[in-house]
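The structure under discussion appears below in the form of structure tokens.
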There are 2 protein chains.
Amino acid sequence: MSLDSRKKQILQAIIDDYIETAEPVASKGLVDRHDFHVSSATVRNEMADLENLGYLEQPHTSAGRIPSDKGYREYVDSMLRVDDISSKEAREISERITESFDELTGLLRKASSALAEKTGYISLALSPRLRKSYLTQLKMLMIEPGKVLVVVVLSAGVVKDKIARVPDFLSAEQLYAVSNAIESGLCGRSLEEITLVTVTSAVKGANLPDILLNQILFEAYTAIKQADNLELYMEGTNKMLSYPEFRDNDRARTLFDTLSRDRIIAGYINEVSETHNSPTYMIRIGQEIQVEGLQDCSFVTTTYNIGDKVAGNIGVIGPKRMDYSKVVSQISFVRSTINDQIRKIKDANGGDT
Amino acid sequence: MSLDSRKKQILQAIIDDYIETAEPVASKGLVDRHDFHVSSATVRNEMADLENLGYLEQPHTSAGRIPSDKGYREYVDSMLRVDDISSKEAREISERITESFDELTGLLRKASSALAEKTGYISLALSPRLRKSYLTQLKMLMIEPGKVLVVVVLSAGVVKDKIARVPDFLSAEQLYAVSNAIESGLCGRSLEEITLVTVTSAVKGANLPDILLNQILFEAYTAIKQADNLELYMEGTNKMLSYPEFRDNDRARTLFDTLSRDRIIAGYINEVSETHNSPTYMIRIGQEIQVEGLQDCSFVTTTYNIGDKVAGNIGVIGPKRMDYSKVVSQISFVRSTINDQIRKIKDANGGDT
DNA sequence: TTTAGCACTCGACAGACAAGAGTGCTAAAT
DNA sequence: ATTTAGCACTCTTGTCTGTCGAGTGCTAAA
């Protein structure tokens, strides 16, 4: 069932050309540009075969061929040559990313923007999933009567906070007592274990009126829970309008409408990255993408780690004829730069995800 | 120089029609739809006059007329009728916005998204400018050796924080001492007064080695300064593709390219809102907008307050033929909802901007 | 198995033409 | 003096036509 080597070679050449020009590729032009040692007629026969096998499509009878989803799939699976990126580009990317010292959010933002700029496509960065990471600190800081800052520190080295309301008459000492109780009761518990019940049982025996306690507990709980909120950073959408496949207004509209629903995109990436566990990169092409409205696109995604656990994703959305080889090498580089940088942020302070 | 009442009436009718249809308005259709008690020929003469005066333009000889920038300007200045929004819409908007309890960022995000959805155009929300607000608290919380959370609380009720690096051997007690010293030295100073020098002089006499001190001071300084970072929330850009003026790919591209440069947009709004001090709303039309690439658009912006001072802006970008009356009423409502909500967040705890 | 050659298909493009919308102008009516 | 009916003129839009060229598929020869 696998293609013979000449068919492979021709398919590869067609896809290479199509990626570059976005025009249907014709037999004559193909032999002109690449030197197969056969004539255009032979290539034509091969192309007819490739079409019958489902690797190519013909927009209309007398046009050249364009790759089908299956064609691209074959291309990325068995003939993708991934080079290292140039050292100049590597330097530029890593300069941009390492600008952000301490903060994960900033890091992801920078990475996303570097990726968008360097690839020329849409970049994505998804904040880490922290359900498996555990609580290491929980502090509450009285800002003014009735208003406290709840600070949540997780094993992943991530710090989140939230302003919360409490009754005015709660004193700083009372707050301190409760927050210590919660902290010691929950330290070491993973986010997914923590429920309102767990939180409540953590402070058994604190001597505060229940109503007061409940409110604080609830605030602590929401602060902890919101640490796991999925956030999506997206950049470079504007670039898509210059690709011929999205010149057409209707196409562009469905694309942008879909992209504006970022909960859906985030959810999809999340889901895909959980089922598919390749360590390096992952490619989804056209119809393979289970998101209504992205069937003219391809996804390239990869993961980044916190500690030794997979934590979140970065990715690129582009037209199906994106330059896979370039994108894969760039995204791989960004991935490893992010990982390095996260390691630096965490320092050598141990604690895995 | 001012228009006689019939000309005004005609201009208004033309703009109303054009806002609805996006098609050049012809004399015949105009008298059909509105009952002026004159014939189309008379209207034609008036339209010719209006064109000579610069209020209308003609795409080509035998087409109807479309409003010029000057026409729109006249329209919004002297014949805009702003109704209150329906109570149903008011309820929907305020429900969405008041969802976010305590946090300004969330509030602005929600407001922006409600605005985008209800207007059908692009919504903007700009984080508050806090240069005039003063520091009320500065806390440093040791998260782990070498890593502290710097929390900055401003008079405006805004809380910002930042993770900072310090040398590993700094003890919690030392940190506490320094942060107290900085806090008491800077409390009551406005952000614009605070410089690295001010910060340094705030801790004269603390007995810590200089190198150590300098690093902490620098972190405190950057944490304070970044509280004033301008952030722009933008939503609804995808909707623009469905308006006929941006069907054309080139137009759409310049628009999206411009919108992707959000520092520029933010800066412009900021600048305009400082020069122009109307209390309610502000409209900029087409060529009046000093941002390359937005000349096919109009801006409607307004301000929101923290305490009794103007703090930031919200706004809408749409095609020049946007429904000004609807947008103005909606944005005004959002403005007052935001103001109410900010008042609630600040509570009755005094302290002006 | 490859290739040259040729007939055939189809889209892209330009030109011609008709239809329709809208204007500007003029001359008559109010 | 203002309004209006009427008409010629302009310009866009859509349709239809024919031509050109690119590209294929097939056949027959190498």
Side-chain angles (χ1 to χ4, degrees), chain A residues 3-11 13-18 20-68 71 244-245 247-249, chain B residues 3-11 13-18 20-68 71 244-245 247-249:
Chain A
L3 299 173
D4 68 52
S5 109
R6 190 171 68 186
K7 282 203 174 56
K8 253 188 187 167
Q9 198 187 352
I10 289 175
L11 179 57
I14 291 174
I15 298 186
D16 282 338
D17 283 12
Y18 186 68
E20 201 175 318
T21 64
E23 297 289 334
V25 180
S27 54
K28 178 130 192 326
L30 201 65
V31 297
D32 287 353
R33 276 185 302 273
H34 309 72
D35 40 308
F36 312 135
H37 300 104
V38 292
S39 75
S40 69
T42 309
V43 170
R44 237 170 1 250
N45 290 328
E46 296 286 38
M47 284 167 77
D49 287 353
L50 285 167
E51 182 173 356
N52 288 332
L53 293 169
Y55 294 100
L56 295 177
E57 286 167 3
Q58 206 171 12
H60 56 262
T61 325
S62 77
R65 302 297 208 298
I66 62 174
S68 67
E245 30 274 270
R247 281 275 160 67
D248 174 61
N249 184 274
Chain B
L3 299 173
D4 67 51
S5 107
R6 191 170 67 184
K7 281 202 175 52
K8 255 190 185 166
Q9 198 187 352
I10 289 175
L11 179 57
I14 290 174
I15 298 186
D16 282 338
D17 281 13
Y18 186 69
E20 202 175 316
T21 65
E23 298 288 331
V25 180
S27 54
K28 176 126 192 325
L30 202 65
V31 297
D32 287 352
R33 274 184 304 272
H34 309 73
D35 40 307
F36 312 136
H37 301 107
V38 292
S39 76
S40 70
T42 309
V43 171
R44 245 179 346 258
N45 290 328
E46 296 286 38
M47 282 166 79
D49 287 354
L50 285 166
E51 181 172 357
N52 288 332
L53 294 169
Y55 295 99
L56 294 178
E57 285 167 2
Q58 206 171 14
H60 56 262
T61 325
S62 76
R65 302 297 207 299
I66 62 175
S68 68
E245 29 275 271
R247 280 274 160 69
D248 175 61
N249 184 274

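Below, chain A is the first sequence line, B the second, and so on; all start at residue 1. The shown structure was predicted, so the numbers you read here are calculated from the model rather than taken from an experiment.
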Handout entry: Dot-bracket summary - DNA chain D, pairs being Watson-Crick or G-U whose distances fall under 3.5 Å, with | when paired to another strand
Key = ||||||||||||||||||||||||||||||

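Considering CG of A/D49 and CZ of A/R44, their distance stands at 13.5 Å, rounded to 0.5 Å. B/I10 CD1 to B/I15 CD1: the interatomic distance, rounded to the nearest 0.5 Å, is 12.5 Å. From B/K7, atom NZ reaches atom CG of B/N45 across 9.5 Å, with rounding to the nearest 0.5 Å.
Contact annotation: the side chain of B/H60 approaches that of B/S62 to within less than 4.5 Å [non-hydrogen atoms, C-beta and beyond].
Judged purely by atom type and a 3.5 angstrom limit, B/S27 has no side-chain atom pairing as donor or acceptor with the backbone of B/V43.
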Practice task
Take B/V25 and B/R33 through the side-chain contact (heavy atoms from CB on, under 4.5 Å) test and state the conclusion after the steps.
Solution key: CA-CA 11 Å; B/V25 180; B/R33 274 184 304 272; 4.1 Å; yes

Handout entry: Full working for side-chain contact (heavy atoms from CB on, under 4.5 Å) between A/T42 and A/F36
Key = CA-CA 10 Å; A/T42 309; A/F36 312 135; over 6 Å; no

Problem - Audit row: B/I14, B/Y55, side-chain contact (heavy atoms from CB on, under 4.5 Å) steps and yes/no - result: CA-CA 11 Å; B/I14 290 174; B/Y55 295 99; over 6 Å; no

Problem - Worked verdict on A/L11 versus A/L56 for side-chain contact (heavy atoms from CB on, under 4.5 Å) - result: CA-CA 8 Å; A/L11 179 57; A/L56 295 177; 3.8 Å; yes

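Environment of NZ in A/K28: sparse, with no more than 12 heavy atoms of neighbouring residues, nucleotides or ligands closer than 6.0 Å.
Straight-line distance from the CD1 atom of B/I66 to the C1' atom of C/dT23: 16 Å, rounded to whole Å. Between the NZ atom of A/K7 and the P atom of C/dT1 there is a distance of 10 Å, given to the nearest Å. Whole-Å rounding puts the B/R65 CZ to D/dC11 P distance at 14 Å. Taking atom CD of B/Q58 as the reference point, atom P of C/dA21 lies 17 Å away to the nearest angstrom. If you take CD of A/E57 and C1' of D/dG23, they are 17 Å apart, rounded to a whole angstrom. One atom, CG of A/D4, and another, P of C/dT2, lie 10 Å apart when rounded to the nearest Å.
Using a 4.0 Å cut-off on heavy atoms, the residues of residues 33-51 of chain A that approach DNA chain C are A/H37, A/V38, A/S39, A/A41, A/T42, A/R44, A/N45, listed by number.
The salt bridge (Lys or Arg N to Asp or Glu O under 4.0 Å) with B/R65 is formed by just one residue from the set B/E51, B/E46, B/E23; it is B/E51.
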Exercise for the section: List the protein contact pattern of nucleotides 8-18 of chain C with one symbol per nucleotide (5' to 3'): B for base contact, S for sugar-phosphate-only contact, - for none; contact means a heavy-atom distance under 4.0 Å. Expected result: -BBS-------

